[in-house]
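The residues of the chain are indexed from 1 along the displayed sequence. Each ligand, and each atom within it, is numbered from 1 in the order the structure gives.
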Amino acid sequence: MKRRHFLLGLGAFGVAGAIYQRPRDRGAPYNGYFAALNAELKANGPMRPSLVIDLDALDHNIDTVVASIAKVPGRHLRVVEKSLPSPKLLAYIAARAKTQRLMSFHQPFLNQDAVHFPESDILLGKPLPVRSVEQFYRAHQGPFDPARQLQWLIDTPLRAAEYLALAQGLGMVIHCNVELDVGLHRGGVTPGAGLAEILSVIAAHPRHLRFSGFMGYDPFVALVPRVLGSPTELLGKVMAIYQTAIEQLRREHPTLWREGLTLNTAGSPTYRLHEAETLSNDLAVGTGLLKPSHYDLPTLADHRPAAFIATPVLKATGPVRIPGLGQKSALFSWWDVNQRETYFLYGGNWMADFESPQGLQANTTYGRSSNQEIVNASARAGVGVGDQVFLRPQQTEGVLLQFGDLIAVRGGKIVDYWPVFA
Ligand SMILES: Cc1ncc(COP(=O)(O)O)c(C=O)c1O
């Protein structure tokens, strides 16, 4: 073959190969669920970025958790407040799950919990600085009785001494739950000298400190790569540490042991695995009830996504154009069918993944925006100005606080608006 023909052939082959490798069309219109939600929000929604809670999916998730927890007699669900940061959302869940137990992580929320849930039993999920604890007592109002209903979390002997001094100064009793390091290595104590020291401080000051149980959080059991151990093996190690701590308590301080201590563990990723053990009596679950995208885990396969960001399309401007590139921008939409339509959204840049219609993508060449985010898609996505784009939050605790009142939806219809924590 002549050299010129060979090169032409090679060129044609290259172009054909490149075309073959072009991104496929990922666009698809709303399914029935999101078509109905879009119609409802267009007719009755606030037409600004909103956080929608699907009560049908939430009910399903609550019932799934309750059924699992009921498998072990005497076990209780504790709802993780920071992951569901709206008093009405928490009240809804607590009523359906028939629990009064909350886990709190933030002093201002804790003060609001005490007002909204005067009958609740609250366990702190992290050890707050003693000045923050003092703030709680100074701001506290209403019938919620901290001396009976609140368990602070103690992670070190120093923290125990600080809380003791506070309790003495305020002339009150403080309930102390001890944080165990069951393998997460986020602080807390392991059985042995550290635990012994904390328990001794508590036991020596019964007028001001009262031991109320242990908290050992174990999400890594469901999250670490399988080569580090199966969930069953890892949970076995967690519960062995837990058991050793209880044995140490009963051996060294039998007077601190009583039925009804709060033996808390788990979180959304692992609650289900605890069906296999009967030592713990209090499981914390929050985020899994809404199932944001980072909770697409095998242990939560039975849960349904129940929280979506919805935001209106403000502008539709056709094939993508990059500022300063002029006609050369056409290369992008020629190459990628998913860049043949461009939309600008009301808001954006959230910790979230595009959900519906399908095939929407951010454009990092153009840049992200919290004000008017660019989104590209193929024509098959089929949205226009005034339609809603739906995203799934990746987590809930920060994202739910960014939209004002949550919009509660049932059967595709708006049924309520729920303020979030201030
Ligand atoms: C101590 C503790 N328990 C339980 C949880 C579980 O929360 P969620 O179910 O929202 O993942 C957390 C989450 O951070 C935690 O820190």
Every pair of nitrogen or oxygen atoms between ligand 1 and the protein that is under 3.5 angstrom apart - can you list them with their distances to 0.1 Å?
{"residue": "ligand 1", "atom": "9 (O)", "partner": "Ser268", "partner atom": "N", "Å": "3.0"}
{"residue": "ligand 1", "atom": "9 (O)", "partner": "Ser268", "partner atom": "OG", "Å": "2.5"}
{"residue": "ligand 1", "atom": "9 (O)", "partner": "Gly286", "partner atom": "N", "Å": "2.8"}
{"residue": "ligand 1", "atom": "9 (O)", "partner": "Thr287", "partner atom": "N", "Å": "3.4"}
{"residue": "ligand 1", "atom": "10 (O)", "partner": "Ser83", "partner atom": "OG", "Å": "2.6"}
{"residue": "ligand 1", "atom": "10 (O)", "partner": "Thr287", "partner atom": "N", "Å": "2.8"}
{"residue": "ligand 1", "atom": "10 (O)", "partner": "Thr287", "partner atom": "OG1", "Å": "2.5"}
{"residue": "ligand 1", "atom": "11 (O)", "partner": "Tyr295", "partner atom": "OH", "Å": "3.1"}
{"residue": "ligand 1", "atom": "14 (O)", "partner": "Lys82", "partner atom": "NZ", "Å": "3.1"}
{"residue": "ligand 1", "atom": "16 (O)", "partner": "Arg186", "partner atom": "NH2", "Å": "2.9"}

Inset, instruction - Sorted by first residue and then second, give each ring pair (Phe, Tyr, Trp, His ring centres under 6.0 Å) pair with at least one member in residues 240-294; sequence neighbours left out. - result: Tyr271-His303
Inset, instruction - Compute whether any side-chain donor of one residue and acceptor of the other, for Gln151 and Ser212, lie under 3.5 angstrom apart. - result: yes
Inset, instruction - Output, in order, the C-alpha distance, side-chain angles, deciding distance and verdict of salt bridge (Lys or Arg N to Asp or Glu O under 4.0 Å) for Arg410 and Asp59. - result: CA-CA 10 Å; Arg410 188 183 294 288; Asp59 285 355; 3.1 Å; yes
Inset, instruction - For the pair Trp350 and Phe403, name the ring-plane relationship: parallel under 30°, tilted 30 to 60°, perpendicular over 60°. - result: tilted
Legend entry - Whether Phe214 and Phe211 hold their rings parallel, tilted or perpendicular, with breakpoints at 30° and 60°: perpendicular
Inset, instruction - Decide whether Asp302 and Thr64 meet the rule of one side-chain donor and one side-chain acceptor closer than 3.5 Å. - result: no
